[in-house]
Amino acid sequence: MFRSLIALAALFFAFAAPAYAQQQAVSAQITIHADRPGAKISRYIYSQFSEHLGRGVYDGIWVGPGSRIPNTRGIRNDVVAALRELQVPALRWPGGCFGELYHWRDGVGPRPQRPVRLNYFWGGVEESNAFGTHEYFDFLGQIGADAYVSANVGTGTPAEMSDWVEYMTSASHSALAQQRRANGREEPWSVPFLGIGNESWGCGGDMTPEFYADLLKQYAVFARSGRDPHPAVVAVGPSGDDYHWTEVVMAQAASKMDALSLHHYSLPTGDWSRHGPARGFGEDQWIATLAQTLRMEEFVTRHSAIMDRYDPQKRVALFVDEWGTWYDPEGPSSGLFQSNTLRDAIVAGVNLDIFQNHADRVRLAAIAQTMNVLQAMILTDGPRMVRTPTYWTFMMYRPFKETTSLPSEVDAPAYRLGETTAPSIHASAARAEDGKIIVALVNLDPNRAATITGRIVGADASGVSGQILTSGAMDAQNTFDAPDAVVPAPFTGAAVAHDRLTVNLPAKSVVVLTIQ
Ligand code: AHR
């Protein structure tokens, strides 16, 4: 009885919370089915992608041992500390399109003797090869992430890929394993994920799916044979709505892959020649970006349905290994540097919700890109570093790692501007191993708060805590001078009583709740 009274009082105060009372709230409902647990949410959904592009690797990660920027064996300490805290599960490298130019032998051995090459895809800049295989694994070790290596199919050969895998993973005394030892690494490294090419329909060689499927089969034989365990073979998948690519590659080569990739970027304008600015945008570009992001739901659903026909047991995973916002670059156009604002934090929340809601098939996702490129986690300027709003969304979603997804249904008014419509509320839910229920709620509407009433079927909740990420402006950002402008804060706008949940969700916000 006493517990019920406390819970009712909490519900009342949640509705009366003065901080959000001035906003004209819409009403929404959510039903969470704690009685219908779904698939386990893979921790690899929160992975990252770092390419030799702009200041993604050089400056962002690698400054060299002689740098005045504090570093460990050339890798910047501030970035390592921030990524360690984030618990990055895996890091895809070296590309991207750059991966289709990359020859791994250029990046091993004494650094002064490594050849300088040209990075044709990204401005034709000189690639020093100072950051190569050993530096990559050193970085992974420092941040605690697993390897996701992307092998060169466009300008490489199966032999080159096979040798690279042997160099990295063999415990034998083969010439390649001995070469690794001579270069300073005694023990083999683990390579759980191996990408066979990148965007082979475009920068990876402009191939047809039929041609690529044949190449995949050839490469997969040499990636898998005699290797125990062998890396998970990741096939190049479609971009966006290219369902034909998925159909052909699955029909011809499903048994040769362990995962199929999917790439989808959110461009405000949907126009590759004029993307839209990263900041200083209007509400038209806010909603347009989110509408582009929401297309991920359709892509994942429809590509998964095709995969289901060839792989009903869901052995082959869908890896969304490039996703995020893509705005007009600030600085050199080939550097793809862009500011990161509250809009990006919302985009991240919506995408992570979609991946979590499709945990049965989506078992890895890698945002593009970790440092200084596209929707970055972290931006650097010389010795300075700032964590972006996207970083903080990832931080808030950490309780979802290795939980079991729970189905949820949201009934919320649409958010409309002109001809564009989006759901105002996006959500996902999961059950942690200790029985707690984790709920993410994203309010896409930049103007209206939402009063959400919910039912958690099968739960008897006694308490809730949470965090919120929001700000006054759609393009609020963390700058080098004000690095903590957009950071998570404790959230007091939620209350639970038995199987009931109420949330006052401010406009343009991401909230993650832990319910016990
Ligand atoms: O992430 C930037 C680029 O986008 C990658 O190199 C490529 O794979 C994609 O087109």
Side-chain angles (χ1 to χ4, degrees), residues 47-58 60-61 90-102 117-125 127 131 136 148-156 193-207 212 234-242 245 249 259-268 270-273 275 278 292-293 295-296 299 318-338 340 344 347-348 351 364-379 388 390:
S47 295
Q48 309 272 323
F49 167 43
S50 284
E51 179 172 8
H52 290 230
L53 190 179
R55 297 192 298 113
V57 168
Y58 299 108
I61 296 168
L91 186 90
R92 180 171 177 250
W93 172 86
C97 296
F98 174 78
E100 298 295 75
L101 296 171
Y102 187 65
R117 305 281 182 200
L118 297 180
N119 186 341
Y120 290 111
F121 281 118
W122 304 114
V125 298
E127 164 59 56
F131 191 87
Y136 168 62
Y148 179 0
V149 171
S150 186
N152 180 348
V153 171
T155 62
F193 308 109
L194 180 70
I196 306 297
N198 173 76
E199 297 193 350
S200 302
W201 36 262
C203 69
D206 209 359
M207 301 172 191
Y212 173 74
V234 186
V236 168
S239 172
D241 63 359
D242 187 353
W245 181 278
V249 174
L260 181 75
S261 74
L262 167 65
H263 291 180
H264 172 51
Y265 286 98
S266 304
L267 279 64
D271 175 355
W272 285 95
S273 63
H275 304 215
Q292 290 281 340
T293 296
R295 297 200 70 197
M296 185 70 87
F299 298 152
L318 187 62
F319 282 8
V320 188
D321 59 15
E322 283 187 36
W323 66 270
T325 54
W326 193 320
Y327 307 125
D328 295 332
E330 299 162 41
S333 62
S334 57
L336 303 188
F337 178 90
Q338 62 189 36
N340 195 290
D344 297 274
V347 164
N351 273 307
L364 183 147
I367 188 170
Q369 301 191 2
T370 319
M371 306 293 310
N372 293 329
V373 172
L374 298 177
Q375 190 174 349
M377 296 288 121
I378 295 175
L379 305 177
T388 64
T390 301

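Values reported hereafter were calculated over all heavy atoms of this structure, with side chains retained and with hydrogens, waters and symmetry mates removed. For clarity, every value in this text was computed on a predicted model and none was experimentally measured. Ligands are counted one by one from 1 in listed order, and the atoms in each one are counted from 1 as well.
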With respect to atom 3 (C) of ligand 1, which of F49, W122, W272, W323 exhibits the smallest heavy-atom separation?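 Result: the heavy atom closest to atom 3 (C) of ligand 1 is in W122.
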
Is there a donor-acceptor contact under 3.5 Å linking the side chains of [X] and [Y]?
{"X": "Y58", "Y": "E127", "value": "yes"}
{"X": "D242", "Y": "S239", "value": "no"}
{"X": "T325", "Y": "D344", "value": "yes"}

Considering non-hydrogen atoms of the protein only, which is the closest contact for [atom], and what is the distance?
{"atom": "atom 7 (C) of ligand 1", "value": "E322 OE1, 3.3 Å"}
{"atom": "atom 1 (O) of ligand 1", "value": "Y265 OH, 2.7 Å"}
{"atom": "atom 6 (O) of ligand 1", "value": "E51 OE1, 2.7 Å"}
{"atom": "atom 10 (O) of ligand 1", "value": "E199 OE1, 2.7 Å"}

Donor-acceptor under 3.5 Å ([X] side chain, [Y] main chain):
{"X": "H264", "Y": "D241", "answer": "no"}
{"X": "N198", "Y": "G95", "answer": "no"}
{"X": "S261", "Y": "V320", "answer": "no"}
{"X": "S47", "Y": "L91", "answer": "no"}

Just let me know how V373 lines up against ligand 1, side chain, backbone, both or neither, with a heavy-atom cut-off below 4.0 Å.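 No part of V373 is near ligand 1 at this cut-off.
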
For [X], atoms of ligand 1 separated by under 4.0 Å from a heavy atom:
{"X": "C97", "result": "5 (C), 6 (O), 7 (C), 8 (O)"}
{"X": "L374", "result": "1 (O), 2 (C)"}
{"X": "G96", "result": "5 (C), 6 (O), 8 (O)"}

Least distance between heavy atoms, F121 atom then C203 atom: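 That would be CZ-O, 3.3 Å.
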
Checking the N or O distance criterion of under 3.5 Å, is ligand 1 in contact with [X]?
{"X": "Q369", "value": "yes"}
{"X": "H263", "value": "no"}
{"X": "F98", "value": "no"}

Quick one: side chain to side chain donor-acceptor pair (under 3.5 Å) pairs with a partner in residues 93-102, sequence neighbours left out?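 Non-adjacent pairs meeting side chain to side chain donor-acceptor pair (under 3.5 Å): H52-W93.
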
If we only consider heavy atoms of F121, is any one of them less than 4.0 Å away from an atom in ligand 1?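 Under 4.0 Å: no for F121.
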
